[in-house]
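This report refers to the structure that appears directly beneath it.
Fair warning: this is a prediction, and the values are worked out from it, not measured in the lab. When reading the values below, keep in mind they use all heavy atoms of this one structure, side chains included, and skip hydrogens, waters and symmetry mates.
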Amino acid sequence: MDLEEGFKNLICLFENFLINQGVNTTVALYLNLLLNILILILIIFGVNYLIKNFVIEAFKSFSNKTTTSFDDFLIKTNFPKYIGQILPIFIVYITVPFILVDFPLAIKSFYFVVDIYIILLIVWIIRSILRGTKAYLRTLESFHDKPVESYIQVVMIIVWLFAILFIVAEITDKDVINFIISLGAASAILLLIFKDTILGFVASIQVSVNDIVRIGDWITFSKYGADGTVTEITLATVRVQNFDNTFTSIPTYSLISESFQNWRGMQESPGRRIKRAIFIKQNSVKFITAEDIEKYKKIQLISTYLKDRQDEINEYNASHQIDTSLPLNGRNQTNLGIFRKYIDTYLNNHSAVHKEMYIIVRHLQPTEHGIPVEILCFSRDKRWENFEYITADIFDHVIAAVSFFDLQLFEAPSGDDLRDYLNKQIESGSTNKAKK
């Protein structure tokens, strides 16, 4: 109590001096107030200078000597600066009521302003810690693909919500608990306002827990025109960098409410699937003759197969006394079957095709475009540009090889084809008339 009285006397020292000198009491009061405020401002500036040049620099020096980088990120987010403001605020909070002891209305306004500033300062400190934590977690491999941004945003929303409640309670001069209870009637409105935030929060948790999407995943979401790499997962949106370097934002909740394609399984698998078909004209498929067999034996990849297979067929037909004068009787090979075997052997000898995964060559149900001969295999190299090169290399060879088996590819007639056909018909008609 003596200390408090001594501090009051120190505050009023200049005022008492002026009164003793015959200065008007009111004038002395305001001059004393002005002097005390100036002294307090100088003290605050001095304390800030000491904190900035000694305390903060000492914190930086300490962080440079530690093995962890977490404190380095705290410095980048101005954590020491915000913490350094606690001491000046404490000095002001203790000193100003004595300075304004003769101004009760000003004291009330002062407490109001300082309380709001303290609330905001706490928010800034928490935000600084969360930002530093986010930056630090990004350096850890285990958190590289986790939606840390979403959780940080959720915590910040909660912090700001409480801060706003305290500020409003301060403005309305109500107890915080009673103020929160009075908001119960407006809860439906609050839920409507924060609907997207709540949905995004729920979606972020489900995305993380169920490991639906990670940062760095390649996803395809046709509805939103997204086809590329996930670069950021926040509370409200998922940011995707497409392969043309454009960016697409997808609502986070849509990842659990709608269907999309995640290519992570392909990226983690040993190979990337190649699945494509060519169309063979049906009327070019035929039984092969002995002359055809001799011609196909020149193809090294299937020469041994052709010999062994034909010997097996000949043995079967002879043992069952098949009339081979008609190819339809007994067992006979077709040029399409040999062509499929050739493709299968070619893929099994291709250095870029993964041999421990499926290699299938099949023909599907015939269509109006011909017989689809489908190739299904996996490339060892999963990088997009190399994958496309390997696929093109395979089909360049397959398309060029078709004619060697007396097969034809289906191709819809173009305008030039129709024009040539009509010209031939006209020329043929003119020749017939000339002969007549």
Side-chain angles (χ1 to χ4, degrees), residues 1-21 23-64 71-132 156 159-160 162-171 173 176:
M1 193 68 181
D2 293 337
L3 182 62
E4 183 177 341
E5 287 295 330
F7 190 69
K8 287 181 179 178
N9 293 331
L10 182 63
I11 294 294
C12 298
L13 182 62
F14 184 63
E15 180 183 356
N16 294 332
F17 173 76
L18 293 176
I19 291 174
N20 292 333
Q21 297 297 320
V23 179
N24 182 273
T25 305
T26 304
V27 174
L29 176 64
Y30 281 101
L31 288 175
N32 182 71
L33 174 63
L34 180 61
L35 178 63
N36 287 329
I37 292 175
L38 290 174
I39 293 173
L40 180 60
I41 291 173
L42 291 175
I43 292 174
I44 296 302
F45 272 109
V47 171
N48 277 329
Y49 178 82
L50 292 175
I51 290 174
K52 181 177 179 181
N53 290 275
F54 293 98
V55 178
I56 295 179
E57 291 301 324
F59 187 88
K60 290 181 179 178
S61 177
F62 172 77
S63 67
N64 291 332
D71 45 13
D72 297 323
F73 290 111
L74 288 179
I75 292 175
K76 292 180 180 179
T77 56
N78 294 323
F79 175 75
K81 174 184 174 182
Y82 295 137
I83 291 295
Q85 294 184 30
I86 294 177
L87 181 58
I89 288 295
F90 178 76
I91 294 174
V92 170
Y93 202 85
I94 294 298
T95 307
V96 169
F98 291 101
I99 297 176
L100 300 177
V101 66
D102 297 316
F103 303 91
L105 184 61
I107 291 178
K108 184 177 180 181
S109 300
F110 163 75
Y111 277 126
F112 171 75
V113 173
V114 172
D115 287 345
I116 290 179
Y117 184 79
I118 291 174
I119 293 171
L120 294 176
L121 181 60
I122 293 173
V123 173
W124 292 335
I125 292 174
I126 295 174
R127 183 183 64 178
S128 174
I129 295 173
L130 291 176
R131 286 181 174 179
M156 280 308 304
V159 170
W160 273 113
F162 276 99
I164 291 171
L165 288 176
F166 276 98
I167 290 173
V168 174
E170 191 73 28
I171 293 173
D173 199 19
V176 177

Would you list the atom pairs, donor with acceptor, under 3.5 Å between side chains in residues 109-121 and any protein atom, with sequence neighbours excluded?
{"from": "Ser109", "atom 1": "OG", "to": "Leu105", "atom 2": "O", "distance (Å)": "3.3"}
{"from": "Tyr117", "atom 1": "OH", "to": "Gln85", "atom 2": "OE1", "distance (Å)": "2.3"}

Euclidean distance, Thr77 OG1 relative to Ile125 CD1, rounded to 0.5 Å: 11.0 Å
Atom pair CH2/NZ of Trp124 and Lys81 - distance to nearest 0.5 Å: 9.0 Å
Contacts of Leu130 that satisfy side-chain contact (heavy atoms from CB on, under 4.5 Å) - sequence neighbours left out: Ile126, Ile152, Val155, Met156
Test side-chain contact (heavy atoms from CB on, under 4.5 Å) applied to Ile43 - qualifying residues, sequence neighbours left out: Ile39, Val47
